[in-house]
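Side chains included, hydrogens not; waters and symmetry mates left out as well; all remaining heavy atoms used. Chain letters run A, B, ... following the sequence lines, proteins first and then strands; every chain starts at 1. A quick note: this is a predicted structure, and the numbers were derived from the prediction, not measured.
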Number of protein chains: 2
Amino acid sequence: MANRVTVSMAQHRKPPSKVNCFACQHRIESDWSVLTDDEVSLLDRSKTCRKYLPGEYIFHEGDPCRGIYCVASGLVGIRKTDADGNSVLLPRLASAGDTLGYRPFLAGECHRGSSEIMEPSVICFIRGSAVKELLGHNPILGLQFLARAAKDLGQAEEHYFQSVTFSVRARLAHLLLVLKDRYGEVADDGTLSIELPLSRKDVAALIGARPESTSRAIRQLKEDGVAYFSGQTVHISAVENLVGELGADDHI
Amino acid sequence: MANRVTVSMAQHRKPPSKVNCFACQHRIESDWSVLTDDEVSLLDRSKTCRKYLPGEYIFHEGDPCRGIYCVASGLVGIRKTDADGNSVLLPRLASAGDTLGYRPFLAGECHRGSSEIMEPSVICFIRGSAVKELLGHNPILGLQFLARAAKDLGQAEEHYFQSVTFSVRARLAHLLLVLKDRYGEVADDGTLSIELPLSRKDVAALIGARPESTSRAIRQLKEDGVAYFSGQTVHISAVENLVGELGADDHI
DNA sequence: CGGGGGTTTGAGTCCGTTCAAAATACGTGG
DNA sequence: CCACGTATTTTGAACGGACTCAAACCCCCG
């Protein structure tokens with residue numbers, strides 16, 4: 001039902017740039033769910049919200065980290081660029097309810113990547129002092145963050161492992177499997193279709209490959225009947241095939 | 001003073017497999033430094049210690065995570081293996097004072113890699129219930145772990161980035177730069193030499209490459225006068241050269 | 001009906017892998 | 001101390017995947 005309300009609101013007007021933490025439905029299933037009313041109130045008072053459009057940046061590599069960001073709606077990625085201009089998107093997209101920049105904040109470091117808006121988004125910034133106060137006040141919040149960090153660390157190590165052992169094609173298949181949970185829809189005939197929130201270039205950056213290589217991998221998957229790309233949407237007849245791309249390649 | 005006692009003990013006999021947390025000199029510069037005496041006492045009572053020899057495993061991929069491990073001495077690596085038998089060492093070696101397996105424990109997951117002993121080691125196992133109790137009792141410990149996890153996450157993402165953008169040669173150079181802090185020694189003439197605690201195969205697994213490729217990269221570095229390998233020791237005349245391998249390749 | 005960016009395709013090259021063989025190091029027993 | 005067998009490391013040649021550069025294509029928008 002809450003879903004329905006949101007949808008109808010979206011039809012009337014864009015999400016307001018000033019978000020109310022109490023009303024924020026994402027909060028209750030985020031790390032912030034453990035806060036008391038008083039603490040939520042502090043959180044609410046300590047934040048500033050802003051709308052962003054695709055291509056904009058929230059912060060840049062090397063910027064000092066003065067607090068953390070909370071995605072109220074939209075989608076944002078972390079981009080890292082090396083000296084030669086090679087650019088990579090870290091395989092950790094943040095959407096509504098996700099916290100952004102908590103890693104450098106907690107490690108006491110500068111931002112190590114630039115956060116780039118991929119879809120129109122509303123982002124809340126929470127002052128570092130408030131985060132510190134909340135962490136000191138409510139130990140459970142720290143444990144929430146800890147579990148989150150531990151999960152993200154596992155993901156990151158998994159991605160490292162895959163980048164070293166998987167081909168571009170397998171990494172693409174894996175990306176589709178991840179995106180299907182968030183952007184996939186099952187049609188009446190049971191086939192799965194995913195509406196990618198990303199351009200080809202960004203898909204490439206996400207799997208750590210050039211756009212050309214990604215394009216070829218896309219064609220291969222099409223030729224082998226695994227996934228059919230047309231524009232931003234992907235059609236998949238059997239998810240098992242995608243999974244098969246990861247494990248044992250094709251051994252009898 | 002506690003320092004002096006430990007050192008003189010080490011001169012007489014091998015480190016005892018039963019380690020005393022109070023006397024452990026690594027504790028004071030680890031996450032556990034924030035514990036009170038009572039808490040250290042609990043820690044001490046809740047642990048079991050064991051000696052391990054190279055090639056042994058502390059735990060295996062898929063094992064349930066029943067607690068965390070503390071490296072009293074030695075060196076251990078985390079190995080991940082895929083369906084085809086490809087094996088990779090995560091670029092996160094644990095030596096004396098480091099905590100092992102805290103990630104799956106805090107994320108509530110099974111072990112995602114096997115921890116393999118690289119040097120003769122003494123490892124303490126701390127019961128999960130005790131860790132939970134300590135975390136609930138002393139919020140600062142949670143924040144310590146949080147900062148640790150945040151740092152490790154940064155490292156992991158950096159390694160992902162490098163695996164995608166760097167060549168084998170550059171990754172090897174980077175590994176040397178990391179190992180020099182722990183295993184490097186500066187000779188009288190100012191040159192640096194590193195005694196690698198790893199076989200070639202393990203060096204290869206650490207940078208995510210085949211031994212053959214690693215061997216060729218080693219030869220290249222030798223031919224270009226950057227680093228001279230002979231057996232397990234590496235001689236480096238100018239560290240700047242190593243650093244140069246990372247950034248802008250050779251642009252004038 | 002043109003631009004113009006993003007995407008795809010093609011050809012050539014480079015890097016890293018694979019497979020196989022030689023060389024070196026290492027431990028053990030004579 | 002040397003000889004021998006094994007395991008590790010290095011080398012070589014051939015292959016393959018991914019990258020580079022360049023051109024063609026497509027789609028969206030003016």
Side-chain angles (χ1 to χ4, degrees), chain A residues 53-55 81-89 116 118 162-175 196-224 227-234 245-246 249-251, chain B residues 53-55 82-89 116 118 161-175 195-224 227-234 245 249-251:
Chain A
L53 292 177
T81 310
D82 72 1
D84 304 349
N86 294 338
S87 138
V88 164
L89 279 173
E116 179 180 337
M118 329 255 15
Q162 294 188 356
S163 77
V164 163
T165 57
F166 283 11
S167 65
V168 166
R169 171 173 173 157
R171 301 209 295 274
L172 176 61
H174 178 253
L175 177 66
L196 298 179
L198 303 158
S199 69
R200 291 291 139 97
K201 218 197 318 183
D202 286 340
V203 169
L206 261 182
I207 62 180
R210 308 289 132 183
E212 298 94 320
S213 306
T214 309
S215 185
R216 289 180 229 279
I218 285 175
R219 184 151 58 113
Q220 283 180 32
L221 288 184
K222 191 179 302 181
E223 282 168 357
D224 295 354
Y228 298 86
F229 288 69
S230 77
Q232 305 262 93
T233 79
V234 194
E245 291 290 324
L246 275 49
D249 265 339
D250 53 353
H251 65 66
Chain B
L53 292 177
D82 72 0
D84 303 349
N86 293 339
S87 137
V88 164
L89 280 173
E116 179 179 337
M118 329 255 16
F161 179 69
Q162 293 188 357
S163 76
V164 163
T165 57
F166 284 10
S167 66
V168 166
R169 173 175 172 154
R171 301 211 294 275
L172 176 62
H174 178 254
L175 177 65
E195 184 74 16
L196 298 180
L198 303 159
S199 70
R200 289 293 138 97
K201 217 199 313 184
D202 287 340
V203 169
L206 261 181
I207 62 180
R210 309 287 134 188
E212 299 95 320
S213 306
T214 308
S215 185
R216 290 178 227 280
I218 285 175
R219 184 153 58 111
Q220 283 181 30
L221 288 183
K222 192 180 301 182
E223 282 168 356
D224 294 355
Y228 298 87
F229 288 69
S230 78
Q232 306 262 94
T233 78
V234 194
E245 291 290 324
D249 267 338
D250 53 354
H251 65 65

K.L.:
Bend angle of the helix from C/dC1-D/dG30 to C/dG30-D/dC1 from five-pair axes at both ends, rounded to 10°?
P.N.:
30°

K.L.:
Judged by each residue's nearest nucleotide on DNA chain D, which is more toward the 5′ side, A/S167 or B/E212?
P.N.:
B/E212

K.L.:
If you look at every heavy atom in B/K222 and B/F229, which pair is closest and at what distance?
P.N.:
NZ-O, 3.4 Å

K.L.:
For the residue pair A/M118 and A/D202, what are the closest heavy atoms and their distance?
P.N.:
CE-OD2, 3.1 Å

K.L.:
Can you find a heavy atom in the side chain of B/R200 that is under 4.5 Å from one in the side chain of B/P211?
P.N.:
no

K.L.:
Using modelled atom types and a 3.5 Å cut-off, is there a donor and acceptor pairing between side-chain atoms of B/D84 and backbone atoms of B/N86?
P.N.:
no

K.L.:
Can you name the nearest heavy-atom pair linking B/A205 to B/S87, along with the distance?
P.N.:
CB-O, 4.1 Å

K.L.:
If you walk 5' to 3' along DNA chain C, what is the first nucleotide with an atom under 4.0 Å of a heavy atom in chain B, and what is the last?
P.N.:
C/dG16 to C/dC19

K.L.:
Keeping to residues at least two apart or across chains, list the salt bridge (charged side-chain N to carboxylate O under 4.0 Å, His left out) pairs with something in residues 206-217 of chain B.
P.N.:
none

K.L.:
Go through the steps to decide whether A/L172 and A/I218 satisfy the test side chain to side chain contact (heavy atoms under 4.5 Å, CB included), and finish with yes or no.
P.N.:
CA-CA 8 Å; A/L172 176 61; A/I218 285 175; 3.8 Å; yes

K.L.:
Side chains of B/V203 and B/L175, heavy atoms from C-beta outward: is any pair under 4.5 Å?
P.N.:
yes

K.L.:
If I take atom CZ from residue A/R219 and atom OG1 from residue A/T214, how far apart are they, to the nearest 0.5 angstrom?
P.N.:
13.5 Å

K.L.:
Identify, residue by residue, the members of residues 214-222 of chain A with a heavy atom below 4.0 Å from DNA chain C, and return them in order of residue number, or none.
P.N.:
A/S215, A/R216, A/R219

K.L.:
How far apart are the closest heavy atoms of B/V234 and B/A227, and which atoms are they?
P.N.:
CG1-CB, 4.0 Å

K.L.:
Distance under 4.0 Å to a non-hydrogen atom of chain A counts as contact; along DNA chain D, which nucleotides mark the start and end?
P.N.:
D/dA18 to D/dC21

K.L.:
Identify each donor-acceptor pair in which a side-chain atom of residues 163-171 of chain B lies under 3.5 Å from a protein atom, sequence neighbours left out, and give them as a table.
P.N.:
| unit_1 | atom_1 | unit_2 | atom_2 | d |
| --- | --- | --- | --- | --- |
| B/S163 | OG | A/S163 | OG | 2.7 |
| B/S163 | OG | B/Y160 | O | 2.8 |
| B/T165 | OG1 | B/F161 | O | 2.8 |
| B/S167 | OG | B/A170 | N | 3.2 |
| B/R169 | NE | B/E245 | OE1 | 2.7 |
| B/R169 | NH1 | B/Q220 | OE1 | 3.3 |
| B/R169 | NH1 | B/D224 | OD2 | 3.0 |
| B/R169 | NH2 | B/D224 | OD2 | 2.8 |
| B/R169 | NH2 | B/E245 | OE2 | 2.9 |
| B/R171 | NE | B/I207 | O | 2.7 |
| B/R171 | NH1 | B/F166 | O | 3.0 |
| B/R171 | NH2 | B/I207 | O | 3.0 |
| B/R171 | NH2 | B/G208 | O | 3.2 |

